[in-house]
Amino acid sequence: TLLTAGAGIYEYNAAATILNSGELSHYFKDMNAIIPSFIETEKNSLFENLVFRFSAWKEGLLGYAYPILWIWSIVLCFKLILLIRSVQYVNKLKKSGLMPLQEDLTIKSISLTKQYNIPLPVRLYYSSIAAVPQVVGWLKPIVLIPIGLINRLSPEQVEAVIAHELAHIKRRDYMINCLQYMLEIFFFFNPFLLWLSNKIKEEREHCCDDLVMLTNYKKTDYINALIVCSEYSSYTPVQSLALIKGKNQLLKRVTRLLT
């Protein structure tokens with residue numbers, strides 16, 4: 001018992017001596033100095049590693065700068081050639097194969113123009129060249145109805161088609177469509193931009209479909225007109241606003257109109 005008590009007194013005196021001498025506090029101070037510096041070193045090394053990897057990736061990409069530039073230039077030239085071809089085709093549509101509409105359709109078209117509050121002078125023609133109904137031009141828009149559709153569509157269906165094309169003019173979609181196509185030409189490599197552009201085109205057609213429905217045309221007449229026109233859809237200028245482009249678009253629009 002005396003030995004145990006003596007050992008306890010010794011340990012107590014030793015601990016008091018350490019605390020009074022400040023050695024323990026120096027020990028913890030040293031640890032506090034070491035740990036933050038270690039963490040800071042790890043942070044710096046991680047940041048430097050990321051910077052190094054980014055620099056290496058950038059230098060590697062710069063090595064392919066000229067081939068990438070050549071590929072971009074070739075694709076751009078090809079798309080510009082398509083644009084020039086499209087502009088030439090639009091000019092041909094504006095000047096060749098035009099025939100006036102029947103008097104009753106002309107009167108109805110004027111009525112629709114007033115109903116849509118379209119301030120621009122709109123010209124409407126039958127066309128022996130156009131494959132599908134479409135709008136060409138911005139300041140002086142022209143609505144073209146393929147003459148081959150006369151025997152396939154009823155007068156009410158033709159009026160619904162004209163109402164759709166006039167809706168594009170009301171919304172000034174022709175100018176927006178041209179700007180979209182110019183962006184697609186220069187940024188063809190950007191998948192997000194191409195996806196967004198396609199979504200804008202889809203919603204544009206949906207808006208015009210809704211405007212046609214507001215003019216009190218029968219939904220069945222309009223849907224049948226879309227189906228008939230889809231059978232004739234072939235080449236249309238990229239900047240023109242055709243009634244329909246492709247059967248995939250037809251399915252989506254008809255499904256939306258029926259729901």
Side-chain angles (χ1 to χ4, degrees), residues 101 104-127 130-146 149 152-181 183-184 193-233 236-259:
L101 300 182
D104 56 340
L105 278 178
T106 302
I107 294 172
K108 186 61 179 179
S109 301
I110 295 173
S111 175
L112 286 169
T113 302
K114 293 179 180 178
Q115 185 175 347
Y116 281 154
N117 294 320
I118 298 174
L120 300 174
V122 181
R123 292 175 291 169
L124 296 99
Y125 295 103
Y126 284 123
S127 174
V132 291
Q134 56 194 280
V135 173
V136 293
W138 171 40
L139 295 176
K140 295 180 180 180
I142 302 175
V143 176
L144 300 176
I145 307 297
L149 294 178
R152 296 290 307 274
L153 299 177
S154 66
E156 292 77 14
Q157 290 173 334
V158 175
E159 291 176 11
V161 168
I162 292 174
H164 177 92
E165 300 306 326
L166 291 175
H168 280 303
I169 298 173
K170 172 183 173 62
R171 289 166 37 85
R172 294 178 173 82
D173 287 334
Y174 189 84
M175 179 184 65
I176 297 172
N177 188 56
C178 291
L179 291 175
Q180 275 184 248
Y181 187 68
L183 288 175
E184 290 177 6
L193 186 140
L194 297 178
W195 173 83
L196 181 62
S197 180
N198 286 330
K199 293 299 291 184
I200 291 173
K201 291 175 183 177
E202 287 182 11
E203 293 303 319
R204 177 190 301 147
E205 297 302 324
H206 293 165
C207 290
C208 291
D209 291 341
D210 292 340
L211 286 173
V212 173
M213 293 298 99
L214 291 176
T215 55
N216 298 322
Y217 286 105
K218 291 182 180 179
K219 188 180 294 186
T220 53
D221 286 341
Y222 184 60
I223 291 175
N224 288 331
L226 290 176
I227 294 172
V228 171
C229 291
S230 69
E231 297 174 3
Y232 292 88
S233 61
T236 54
V238 290
Q239 71 269 36
S240 70
L241 296 168
L243 177 68
I244 191 162
K245 291 184 179 182
K247 297 189 180 296
N248 290 333
Q249 188 189 85
L250 171 67
L251 180 60
K252 292 179 181 178
R253 288 170 64 181
V254 170
T255 303
R256 180 176 176 274
L257 288 170
L258 291 175
T259 55

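The structure presented is a predicted model; accordingly, all values stated were derived computationally and were not measured.
Taking 4.5 Å as the limit, every side-chain heavy atom of Glu159 sits out of range of all side-chain heavy atoms of Ile162. Side chains of Pro133 and His164 form no contact here, defined as non-hydrogen atoms less than 4.5 Å apart. A 4.5 Å side-chain heavy-atom check between Ile142 and Val135 finds every atom pair outside the cut-off. A heavy-atom distance below 4.5 Å is found between the side chains of Cys208 and Arg171. Looking only at side-chain heavy atoms (C-beta outward), His168 and Val143 stay at 4.5 Å or farther from each other.
Across Leu149, Leu250, Ile145, a single residue satisfies side-chain contact (heavy atoms from CB on, under 4.5 Å) together with Cys229, and that is Leu149.
Note that NZ of Lys108 and OG1 of Thr215 are 7.5 Å apart. Values are rounded to the nearest 0.5 Å. Going from atom CG of Leu153 over to atom CG of Asp221 covers 10.0 Å, rounded to the nearest 0.5 Å. Considering CG of Leu101 and CG of Leu124, their distance stands at 5.5 Å, rounded to 0.5 Å. Note that the CG atom of Leu214 and the CD atom of Gln115 stand 9.0 Å from one another [nearest 0.5 Å]. Taking CE of Met213 as the start and NZ of Lys218 as the end, the distance is 12.0 Å to the nearest 0.5 Å. Interatomic distance, Ile118 CD1 to Thr113 OG1, rounded to the nearest 0.5 Å: 5.0 Å.
Residues Gln134 and Val132 come closest through the heavy atom pair NE2-O, 3.0 Å. Of all heavy-atom pairs between Ala163 and Tyr217, the closest is CB-CE1, 4.1 Å. Between Ile169 and Pro141 the shortest heavy-atom distance is CD1-CB, 3.8 Å. Considering all non-hydrogen atoms of both residues, Leu139 and Leu120 come closest at O-CD2, 3.9 Å.
Checking Tyr222 against Gln157 by side-chain atom types alone, no donor-acceptor pair falls below 3.5 Å.
Glu202 places no side-chain N or O within 3.5 Å of a backbone atom of Ile200 that could act as its donor or acceptor partner. Listed for the Gln180 side chain is a donor-acceptor partner under 3.5 Å among the backbone atoms of Ser197. At least one donor-acceptor pair under 3.5 Å links the side chain of Lys170 to the backbone N or O of Tyr116. At distances below 3.5 Å, not a single donor-acceptor pair connects side-chain atoms of Lys140 with backbone N or O atoms of Val122.
Between Arg253 and Glu205 there is a salt bridge, since at least one side-chain N of the basic residue sits less than 4.0 Å from a carboxylate O of the acidic one. Using a cut-off of 4.0 Å between Lys/Arg side-chain N and Asp/Glu carboxylate O, Lys201 and Asp173 are scored as not salt-bridged.
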List the steps and the verdict of side chain to side chain contact (heavy atoms under 4.5 Å, CB included) for Asn177 and Trp138. CA-CA 11 Å; Asn177 188 56; Trp138 171 40; over 6 Å; no
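Summarising the local packing, CZ of Arg256 is surrounded by more than 12 heavy atoms from other residues, nucleotides or ligands at distances under 6.0 Å.
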